[in-house]
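Just so it is clear: chains get the letters A, B, ... in the order the sequence lines come, proteins before strands, and each one is counted from 1. Worth saying up front: this structure is predicted, and the values here are computed from it rather than measured.
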Amino acid sequence: MPSLIAIVGPTATGKSKLAIELAHTLDAEIVSADSMLVYKHMNIGTAKPTGDEMRGIPHHMINIVTPDVVFTVHDYQRKALTCIQDIIARNKTPLLVGGTGLYIQSVLDGYEFGPADTNEVYRRQLDWIAQEHGNDILYQALRLFDPISAERINPNDLRRLIRALEVYKATGAPISAQKKKPSYLAEMDIRTIRIGLTMDRERLYQRIDKRVDEMMRQGLLDEVRNLLLLGYSPSLYSMQSLGYKQITNYLAGQYSLEEAVSEIKRETRRFSKRQYTWFRRDPHIVWFYTDRAESQSSLYANVCEILKDLEFGP
RNA sequence: GCCGCGGUAGCUCAGUUGGUAGAGCAGAGGACUGAAAAUCCUCGUGUCGCCAGUUCAAUUCUGGCCUGCGGCA
């Protein structure tokens, strides 16, 4: 029976490194589950593994669209599942690796997305209405069309408010009618194991700070300048992501470079906390403390042992 | 050495006409089904510098001490 190994966890815990190492022994290929690695030209700020670091292991779902494309979970789900099927058809093991919880879940837990595609024009209209008249007017509309979702969505959560209305407009059915399906992977007879990497909070924060400094040294500033030069607007979703947003603001003169850097650090720390929150509630994850393993090789050995116990891989 | 201003939550500070205290930031917890590195929700007990005095009661008033900053020597 074919199997898939997922490696998840907050940013900067060493997922990529472990994945590449495992891929070597398991004859595996890596399927990235990261909402920002899909973008071309965004390398330093996303901590995308370099060609060297990949050590010849095929990586999928990386560099597949330009930064001006609105890439959605649904796009991700579709492409990633195709990728996984393809890898298995070639008798290799897929390693699903990344920190975007929603993306991981869309593959592992069978989210089924309905026919309601994103509608940028409608979104902009609703955005404008909210700005002019406040969120509450949208919230009241939602209460009318979809009281169940209105119950669940916070009136201030404009993103979810807009999406719920968008679904209603596209399908005439409330978003609350969307149901969870059994896992697609189970349907394909693919066994899965979920490995979580984590770390003492204090130490992770130190690592994040160090990594941001390293990104600056590697030329994040030039990377962002180049993106702007290529014509990618700071208002793009991709450009609103961690690091890119703050550097863009700095270039626009909103604050000093020093402030931009500490802002990136702080926001990345907060982001990692949100990732913890997301993954912690998944009871299937087997956790490893990467800072407690004496070395990367003992972490690697521990993971291999678990895999062997569960009869994964060779 | 003298004069002035401070010492209150991890940080910056507010405040109590005497009844043991509250903001911002930092931080913590949580939500999450087509923008998710996004978006949103919740959470503030700390020897009020130390010691004594006055008082039913002091972080608040008084005195001394310690300490930081500025000025004068």
Side-chain angles (χ1 to χ4, degrees), chain A residues 10-12 32-39 42 44-48 65 67-79 98-120 122-124 126-127 130 135 138-139 148-149 151-171 173-181 184 201-202 205 208-209 211-212 215 235-248 259 262-282:
Chain A
T11 188
S32 159
D34 187 302
S35 65
M36 288 301 139
L37 293 192
V38 298
Y39 290 113
M42 298 176 71
I44 297 170
T46 58
K48 194 179 284 171
V65 292
D68 53 329
V69 171
V70 179
F71 194 81
T72 70
V73 209
H74 192 204
D75 298 327
Y76 177 80
Q77 184 192 46
R78 230 179 352 227
K79 290 195 164 123
T100 304
L102 183 64
Y103 283 16
I104 296 270
Q105 212 143 318
S106 77
V107 168
L108 259 34
D109 293 337
Y111 280 174
E112 194 179 36
F113 300 107
D117 215 340
T118 59
N119 182 337
E120 291 298 318
Y122 188 56
R123 280 182 184 187
R124 246 170 281 136
L126 294 184
D127 248 328
N135 290 0
L138 298 186
Y139 187 68
I148 296 170
S149 297
E151 216 29 60
R152 261 189 32 237
I153 298 171
N154 187 286
N156 294 325
D157 196 344
L158 191 58
R159 282 276 208 278
R160 292 201 168 72
L161 228 46
I162 289 179
R163 162 94 282 236
L165 289 170
E166 184 181 60
V167 169
Y168 186 79
K169 180 182 160 72
T171 64
I175 190 171
S176 48
Q178 291 187 342
K179 292 268 152 56
K180 209 170 185 171
K181 284 261 164 174
Y184 292 101
R201 188 71 62 91
E202 196 67 28
Y205 284 3
I208 286 172
D209 287 355
R211 192 159 88 165
V212 172
M215 284 176 182
S235 64
L236 291 168
Y237 299 141
S238 58
M239 293 291 274
Q240 287 292 308
S241 66
L242 270 171
Y244 297 90
K245 178 182 179 178
Q246 291 79 6
I247 295 293
T248 298
E259 282 171 295
S262 56
E263 189 105 335
I264 294 171
K265 289 175 182 172
R266 195 187 66 209
E267 290 307 319
T268 308
R269 279 184 243 127
R270 288 177 172 171
F271 168 56
S272 74
K273 200 161 79 72
R274 271 176 270 136
Q275 289 177 301
Y276 268 122
T277 305
W278 182 286
F279 291 120
R280 248 189 312 223
R281 72 176 168 179
D282 183 346

Check your understanding: Across the strands shown, which category fits A:Pro115 at heavy-atom distances under 4.0 angstrom: base, sugar-phosphate, nothing?
Key -> base

Point to revise | Phosphate-side-chain proximity, A:Arg123 and B:A35, N/O vs OP1/OP2 below 4.0 Å | key: yes

Practice item. For the side chain of A:Arg269, starting at C-beta, report the closest nucleotide among B:A36, B:A26, B:U39. Key: B:A26

Review point. For B:G44, which nucleotide is its Watson-Crick or G-U wobble mate, given both distances must be under 3.5 Å?
Key: none

Check your understanding: In terms of side-chain heavy atoms of A:Trp278, which of B:U39, B:U33, B:A36 is nearest?
Key -> B:A36

**Study point:** For B:C69, the Watson-Crick or wobble counterpart (both distances under 3.5 Å)
**Key:** B:G4

Practice item. State the CD1-OG distance between A:Ile175 and A:Ser149, to the nearest 0.5 angstrom. Key: 6.0 Å

Check your understanding: How is A:Ile175 classified with respect to the nucleic acid when contacts are heavy atoms under 4.0 Å: base, sugar-phosphate, or nothing?
Key -> sugar-phosphate

Practice item. Check every strand shown and say whether A:Phe71 touches a base, only sugar-phosphate, or nothing at a heavy-atom separation below 4.0 Å. Key: sugar-phosphate

Exercise for review: Starting at atom CZ of A:Phe113, determine the distance to atom P of B:A36, rounded to an integer number of angstrom.
Suggested key: 11 Å

Revision key, fill the gap. Any strand, both distances under 3.5 Å, Watson-Crick or G-U wobble: B:U39 pairs with B:A31

Revision key, fill the gap. Paired to B:G18 by Watson-Crick or G-U wobble criteria (both distances under 3.5 Å) is none

Review point. Between atom CG in A:Asn135 and atom P in B:C40, what is the gap in whole Å?
Key: 9 Å

**Study point:** Within 6.0 angstrom of A:Glu120 CD, more than 12 heavy atoms from elsewhere
**Key:** yes

Exercise for review: Would you kindly give the CG-to-C1' distance between A:Leu138 and B:U39, to the nearest whole Å?
Suggested key: 14 Å

Review point. With rounding to whole Å, what would you report as the distance between B:U47 and B:G10 at their P atoms?
Key: 6 Å

Practice item. Sticking with atom C1', work out how far B:G70 lies from B:U62, rounded to a whole angstrom. Key: 26 Å

Check your understanding: Expressed in whole Å, how much space separates the C1' atoms belonging to B:A9 and B:C43?
Key -> 14 Å

Check your understanding: Given the P atoms of B:G4 and B:G22, what is the spacing between them in whole Å?
Key -> 33 Å

Check your understanding: To the nearest Å, how far apart are A:Glu263 CD and B:C25 P?
Key -> 12 Å

Study note, to complete from the structure: Testing B:C41, B:A31, B:A35 for proximity to the side chain of A:Asn154, the answer is B:C41

**Study point:** Integer angstrom distance from the P of B:C50 to that of B:U55
**Key:** 23 Å

Review point. Closer than 4.0 Å, any side-chain N/O of A:Asn156 to the OP1 or OP2 of B:C41?
Key: yes

Check your understanding: Looking only at atom types and distance, does a side-chain atom of A:Gln246 sit under 3.5 Å from a main-chain N or O of A:Gly243, one as donor and one as acceptor?
Key -> yes

Review point. So what does A:Asp34 touch, heavy atoms closer than 4.0 Å: a base, only the sugar-phosphate, or nothing?
Key: base

**Study point:** Base B:G27 paired with A:Lys273 side chain (donor-acceptor, <3.5 Å)
**Key:** no

Review point. Is the phosphate of B:A26, meaning OP1 or OP2, less than 4.0 Å from a side-chain N or O of A:Arg266?
Key: yes

Practice item. Could you work out the separation of B:G30 and B:C65 based on their C1' atoms and round it to a whole Å? Key: 49 Å

Exercise for review: Would you kindly give the CG-to-P distance between A:Leu161 and B:A35, to the nearest whole Å?
Suggested key: 14 Å

Revision key, fill the gap. Here the distance between atom P of B:A35 and atom OH of A:Tyr122, to the nearest Å, is 14 Å

Review point. What is the nucleic acid contact for A:Thr46, judged by heavy atoms within less than 4.0 Å: base, sugar-phosphate only, or nothing?
Key: base

Review point. How far does CD of A:Glu166 sit from OH of A:Tyr122, to the nearest 0.5 angstrom?
Key: 8.5 Å

Exercise for review: For nucleotides B:G24 and B:U42, find the distance between their P atoms and express it as a whole number of Å.
Suggested key: 12 Å

Point to revise | Carboxylate-amine/guanidinium contact A:Lys48 A:Asp34, below 4.0 Å | key: no

Review point. Would one find a side-chain N or O of A:Thr277 under 4.0 angstrom from OP1 or OP2 of B:G30?
Key: yes

Exercise for review: Indicate whether OP1 or OP2 belonging to B:U33 is found under 4.0 Å from a side-chain N or O atom of A:Arg152.
Suggested key: yes

Exercise for review: Measure from the side chain of A:Arg270, starting at C-beta and using heavy atoms only, and say which of B:U39, B:C25, B:A35 lies closest.
Suggested key: B:C25

Exercise for review: Look at all strands and tell whether A:Gly243 reaches a base, only sugar-phosphate, or nothing, counting heavy atoms closer than 4.0 Å.
Suggested key: nothing

Review point. Does any donor atom in the side chain of A:Thr11 or A:Arg211 lie under 3.5 Å from an acceptor atom in the other side chain?
Key: yes

Practice item. Output yes when a side-chain donor or acceptor of A:Tyr103 lies under 3.5 Å from a complementary backbone atom of A:Gln77, and no otherwise. Key: no

Point to revise | B:A9 pairs with, by Watson-Crick or G-U criteria that keep both distances under 3.5 Å | key: none

Check your understanding: When you check the phosphate oxygens OP1 and OP2 of B:G29, does a side-chain N or O of A:Arg201 lie under 4.0 Å from one of them?
Key -> yes

Point to revise | Sugar-phosphate, base or nothing in reach of A:Gln105, heavy atoms under 4.0 Å | key: nothing

Practice item. For nucleotides B:C48 and B:U59, find the distance between their P atoms and express it as a whole number of Å. Key: 7 Å

Study note, to complete from the structure: The nucleotide from B:A28, B:C32, B:U33 with an atom nearest the side chain of A:Tyr205 is B:A28

Exercise for review: Would you mind pulling out the nucleotide paired to B:C61, Watson-Crick or G-U wobble, both distances under 3.5 Å?
Suggested key: B:G53

Practice item. Looking at every strand, decide which applies to A:Tyr244 at a 4.0 Å heavy-atom threshold: base, sugar-phosphate, or nothing. Key: nothing

Check your understanding: Closer than 4.0 Å, any side-chain N/O of A:Arg160 to the OP1 or OP2 of B:A35?
Key -> no

Review point. Is any side-chain nitrogen or oxygen of A:Tyr237 closer than 4.0 Å to OP1 or OP2 of B:A36?
Key: no

Practice item. Step by step, work out the side chain to side chain contact (heavy atoms under 4.5 Å, CB included) result for A:Phe113 and A:Ser106. Key: CA-CA 9 Å; A:Phe113 300 107; A:Ser106 77; 4.3 Å; yes

Check your understanding: Between A:Asp157 and A:Asn154, is there a donor-acceptor pair closer than 3.5 Å when you use the side chain of the first and the backbone of the second?
Key -> no

Review point. Between B:G30 and A:Arg280, is there an OP1 or OP2 to side-chain N/O distance shorter than 4.0 Å?
Key: yes

